Amino acid sequence: MFNFYGDDISAFQIISLILYVVLAPFAGGLIAGIDRKVTARMQGRVGPPVLQPFYDVGKLLQKEAVTVGRGAQDFYVMCCLIFMIIAGAFFFFGFNLLMVVFTLTTASIFLVVAGYSSNSPYAQIGAERELLQMMSYEPMVLLTAVGLFMVNGSFNVENIIGNEVFSLKFLPGIFIGYLFIITIKLRKSPFDLSMSHHAHQELVKGLTTEFSGKTLAALEISHWYENIFLLGFIFLFFANGTWYMAVIGIAAVVVCYFLEILIDNGYARMKWQFTLKSAWIMTLIFGGANIFVLYYLRGYLWLAA
Amino acid sequence: MGILAILILFPLIIALILLAVKKDSARGPIVIVSGIVIGAASIFFAVTNFSGSVKDLWLSGSEVDFGIFSAGGGNAAEILSYVMMVIEAALAVLIIVLGIRHRKYLASILAAAQAIALLWFELAKGHEIKTANYIYIDNFSLIMVLIIGVIGSMICIYAVGYMKDFAHHHEGEPDRRPLFFFLMFLFLAAMFGIVVSNNLIWMYFFWEVTTLCSFFLIGYTRTPEAINNSFRALIMNLLGGCAFVAAIILMGLHPYIESFELSQVLATGVSLHEQGVDEPVFNAIIGLLAFAGITKAAQMPFNSWLLGAMVAPTPVSALLHSSTMVKAGVFLIVKLSPALGIQGLFHIGPGFMVILVGSVTFLFASLAALSQSNAKRVLAYSTVANLGLITACAGIGTAEAVWCAVMLIIFHAVTKSLLFLCVGTAEHNIGSRDIEDMDGLFGRMPRLATFMIVGIAGMFLAPFGMLISKWAALQAFVDTGNIWALLAVVFGSAVTLFYWTKWLGKLSAIVANRQDIEQGVRKEEWAVTGCLTALTIVVAITFPFFSNGLVVPYLGAAFSSVAEKTFVVLQTDNMIIMMIMVVLIIVLALLLYGRTGKRLLPLYMSGVNEGDDLTYLGSMQKDVPVSLRNWYFEDMFPEKSMNRIGLIVTCAVFALVFSYMISSMVGLYDYFVQTGGAA
């Protein structure tokens, strides 16, 4: 369509970017609603309506504007939201996966600093735990990007989707590793250390204890954005440029998310040591081994791609 | 040529003047003016010599003007070589005497060994070998000149104010400031010498001068701890010096090279690489030089000297960590890069050694930083880790990886000097360098905290420079299939994230009832930290110009495989997006930070907040003060064990590589292959 520093930009890229920015919060909120419904059914409850997350956020937006400290946290949360949207936008625009990951990290760092800035005991411990979670999952997220690169010959989401290789065939270990750490990322039990959707946190609401009203709503919306492109990563393992693999990819996203809900309800929260150790061991065993195998398959893969 | 002479001679003359000046009021202006002159001269030098092509400035026989000498290049240079030899011998005697006096006999032995070996060799054989180019300047040298000249002299200016406070805090002790400033400026002169020398005997001379300068600076306070640490630094660097001398001797004896010119070694290296030949003696030369670089760059197992170096006044740490000393180490390794690299994960040679030592250091130094609450120790481990990354990149030996190494050197120099100087100022004003005591620094010293936050963000956060280089490094590791380095960087950067962010969090916490105590900070300190903060941001925004203008042309000259037009590390659009993101963060901060129209409420404390956000009413009807502490993982990642693991792995690598080199040099390897191992 037009040219941006040597890259041809297609209409498809722009449409998917706009669709993401506009629709992701709705899709993310809907997923959260379905999540709560399914969780309730698993626990033998009726559960809230599927649109409940939207009602919640709507209510938050109408709350009285109050804050603690000198309101420094509002700035950090706003930055978190903006960078989360940017990270997702890079992803759906088809940009470099590493850039997506690093921007996502920046967004998460803003969230952690927001927690620290309030100087509230609960928020600060929550922030520290959030950091621990980041340290736990970050290596595997990077290895996922690396694995997809090694199979598809490009870090660009656009090329990974367009490439005719069915990546999962070569990346079973990385896929398992990614599913493991996405449990941390989606804040599911047994890894919901820093804040929890469920009302049984020893840290009250952890990181978010001191957020309220619009700030809390902004955070909630940033989570919706985040979840959408985290699930998009799963899609990348399946996409090979054909419509039927795209359908399978979306089905796989649904199955994986259901699995996450199952895990969430099947486990109690574990200690932080378990989070760090298990995530790093999984990363080394599944991610590392997969990368080693890929290294020796390199010649073959390059030909395939 | 004249300006080059000024770059080396001028700091030397100023150093001597400062040694003589005892009056505080005179010293300040001299340091500030000469600092500005050196900075301006290095910028002028870089701008006038910047053309993208390599220059040989000292052709033998041609007329050269080295300031005082106006003779045929060959002659003047030879006279200078003899002068250097005499000074070298004198310095060796000095170390031997000091070593004996302080019962550090190992230092004496090492100094004696290398001095005797080098003198013997120079007199017996060395003087027959002619050097065509004593000095060799390419864009990488220019970048180093800029770093040394601009950042180094800024640190010297900062030291004027800092050392006044330092003398104030240490009243009753003899005032050694003339010696201090003498050493600082001598250090700059020697660093300029290192980065422009092509003759390795010259480089070795400057190399030893920096070793000695750092030795005296670390031992500045003359406390038992300082003396002990200074000798540790000396011994480790002399070990590297011995390797340097051994490499020089091998070069002189090597039938193909028979020269002391670094450019010759590299040319040989590139041609051997292209033929895919492993030549044992040549490998040993590169391996020994890389080893010397590794000791100076404080890589594991030698990292303890750099950590010990923080007993010195903070400007010394800033100088050692950012623009001098360790940067000389990585400078040499990056220079050697075209002769490094591995074919296959288990291809044992100098490349293997450099990659593994760098990667292991990056990972374990980062892990060791987790358990530190002393700000200077966190900075020190972060320096060691980043140098590890630079070393690993250089070891890969491709143009893409070297791009990352050079960019890391630039970004790290700016950011790390900023952070050290900020910590120094904080220490003098809050009386502690512990991160826990920087709790809510934003309330007490808002400007300083802002500078520090910029520095910390610059060290690890997208879209700032260090992260961009790390990103490119990751890409280079994957491209070349260096899985060792890949795994180290993947885990290491996750750890890096943790220890920086928890510091960032402490700084940005808004603690109630804090007094602004910033008025006491000296003017020089504000000027320098302010400049460095601006520089951190400016470099983050303008780095594509540095990349395209300076780094890529250097790579084009150093790596024959690079065609400048097709060389792409990060696509330009990615770089532009990063630039836009930097601007976005700044705009958001200016627009949104600290502006709230919201009603302020007290914190939730799970007990009744007494209204000051600092105490709550406990269950026994008593006020309980709240104090928050960070997380240090002493149980999971104890500093000692991290260092020990690093030491064991890197020593094993050295043992493996050097024993392999020696055995292949003496032909044992071939023998065993021929006889199938049955001797």
Side-chain angles (χ1 to χ4, degrees), chain A residues 4-7 64-72 74-76 78-79 82 86 90 95-96 98-99 102-103 105-106 109 112-113 115-122 124 127-128 131-132 134-136 138-139 142-143 146 149-150 155 204 209-210 213 273 276 280 283-284 288 291-292 295 298, chain B residues 345 439-440 442 460-463 467 471 474-475 478 481 483 486-487 489-491 493-495 497-498 501-502 504-512 570-574 576-578 581 584-585 588-589 592-606 613 626 628 630-631 636:
Chain A
F4 180 61
Y5 288 98
D7 263 3
E64 187 199 351
V66 291
T67 186
V68 299
R70 270 171 259 145
D74 296 357
F75 161 69
Y76 297 118
M78 195 46 74
C79 283
I82 291 171
I86 293 176
F90 287 158
F95 263 159
N96 193 306
L98 288 177
M99 183 142 80
F102 292 138
T103 313
T105 305
T106 302
I109 295 286
V112 171
V113 175
Y116 267 102
S117 75
S118 64
N119 205 46
S120 147
Y122 296 96
Q124 201 173 106
E128 286 174 3
L131 258 183
L132 173 94
M134 289 179 70
M135 183 162 79
S136 309
E138 190 79 4
L142 287 172
L143 280 189
V146 167
F149 168 82
M150 287 175 88
F155 274 113
V204 191
T209 303
E210 300 292 351
Q273 287 92 338
L276 181 60
W280 277 21
T283 306
L284 259 186
I291 295 279
F292 262 96
Y295 172 75
R298 218 149 69 117
Chain B
L345 288 179
D439 209 358
F442 215 86
F460 80 106
L461 210 57
L467 184 111
W471 169 8
L474 189 66
Q475 195 142 356
V478 183
I483 295 175
L486 173 71
L487 288 177
V489 82
V490 160
F491 281 93
S493 29
V495 175
L497 200 80
F498 193 96
T501 312
K502 71 181 183 187
L504 200 61
K506 273 282 165 202
L507 290 178
S508 42
I510 302 294
V511 181
L570 294 178
Q571 284 148 332
T572 316
D573 49 0
N574 288 348
I576 301 224
I577 287 165
M578 285 289 173
M581 275 164 59
L584 178 68
I585 289 188
L588 282 173
L592 295 176
Y593 188 81
R595 299 198 181 169
T596 183
K598 294 181 177 180
R599 191 157 65 87
L600 298 181
L601 291 181
L603 296 175
Y604 174 68
M605 285 180 164
S606 195
D613 284 350
V626 171
L628 295 167
N630 244 323
W631 200 351
M636 210 179 239

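To find a chain, count down the sequence lines: A is the first, B the second, and so on, and within it residues start at 1. For clarity, every value in this text was computed on a predicted model and none was experimentally measured.
- Of the listed residues (B:L497, B:V489, B:L486), the one with the most heavy-atom contacts under 4.5 Å to chain A is B:L497.
- Shortest non-hydrogen contact noted between A:V113 and B:S508 is CG1-OG, 3.2 Å.
- Residues B:T501 and A:M134 fail the side-chain proximity criterion, which asks for heavy atoms closer than 4.5 Å.
- For chain A, the option among B:L584, B:L507, B:V511, B:V490 with the highest count of heavy-atom pairs below 4.5 Å is B:V490.
- Neither the backbone nor the side chain of B:F442 comes within less than 4.5 Å of any heavy atom of chain A.
- Contact of A:M99 with chain B is made through backbone and side chain together, with heavy-atom distances under 4.5 Å.
- Annotation: the span from A:F90 atom CZ to B:M581 atom CE amounts to 5.0 Å, rounded to 0.5 Å.
- Residue A:I82 touches chain B through its side chain alone, counting heavy-atom pairs closer than 4.5 Å.
- For a residue to count as touching a neighbouring chain, one of its non-hydrogen atoms must lie under 4.5 Å from one of that chain's; by this rule B:L588 touches chain A with backbone and side chain alike.
- Residue contact with chain A, scored on non-hydrogen atoms closer than 4.5 Å, involves the backbone and the side chain of B:L601 alike.
- Of the inter-residue distances, the one linking B:Y604 atom OH with A:T209 atom OG1 reads 8.5 Å to the nearest 0.5 angstrom.
- Here the side chains of B:L628 and A:P121 are in contact, with some heavy-atom distance below 4.5 Å.
- Using a 4.5 Å heavy-atom cutoff, the side chains of A:V66 and B:L600 are not in contact.
- Heavy atoms of B:V626 lying under 4.5 Å from chain A belong exclusively to its side chain.
- For A:E210, the part lying near chain B is the side chain, with the backbone staying farther off; criterion is any non-hydrogen pair under 4.5 Å.
- Between the OH atom of A:Y122 and the CG atom of B:L603 there is a distance of 11.5 Å, given to the nearest 0.5 Å.
- Every residue two or more places apart in sequence or in another chain that forms a side chain to side chain donor-acceptor pair (under 3.5 Å) with A:E138 is listed here: A:T105.
- Among the candidates A:V112, A:L132, A:I86, A:L284, the residue making the largest number of heavy-atom pairs closer than 4.5 Å to chain B is A:L132.
- Taking both residues in full, the closest heavy atoms of B:V495 and A:M135 are given as CA-SD, 3.8 Å, listed atom of the first, atom of the second, then distance.
- Using a 4.5 Å cut-off on side-chain heavy atoms (C-beta onward), B:W631 and A:L131 make no contact.
- Chain B forms more heavy-atom pairs under 4.5 Å with one residue of A:S136, A:P139, A:G213 than with any other, namely A:P139.
- Interface residue A:E64: only side-chain heavy atoms are found under 4.5 Å from chain B.
- Per-residue counts of heavy-atom pairs under 4.5 Å with chain B were compared for A:Y76, A:W280, A:F155; the largest is that of A:W280.
- Here the straight-line distance linking atom CG of A:L276 with atom CZ of B:F498 works out to 9.0 Å at 0.5 Å rounding.
- Side-chain contact check for B:L487 versus A:I291: every heavy-atom pair is 4.5 Å or farther apart.
- The salt bridge (Lys or Arg N to Asp or Glu O under 4.0 Å) search around B:K506 returns B:E436, B:D439, not counting sequence neighbours.
- Two residues are said to be in side-chain contact when any heavy atoms from C-beta on lie closer than 4.5 Å; B:L467 and A:T106 fail this criterion.
- For the pair B:F491/A:T283, a side-chain contact is recorded, criterion being any heavy-atom separation below 4.5 Å from C-beta on.
- Between chain B and the residues A:G115, A:S117, A:A72, the largest count of heavy-atom pairs under 4.5 Å involves A:S117.
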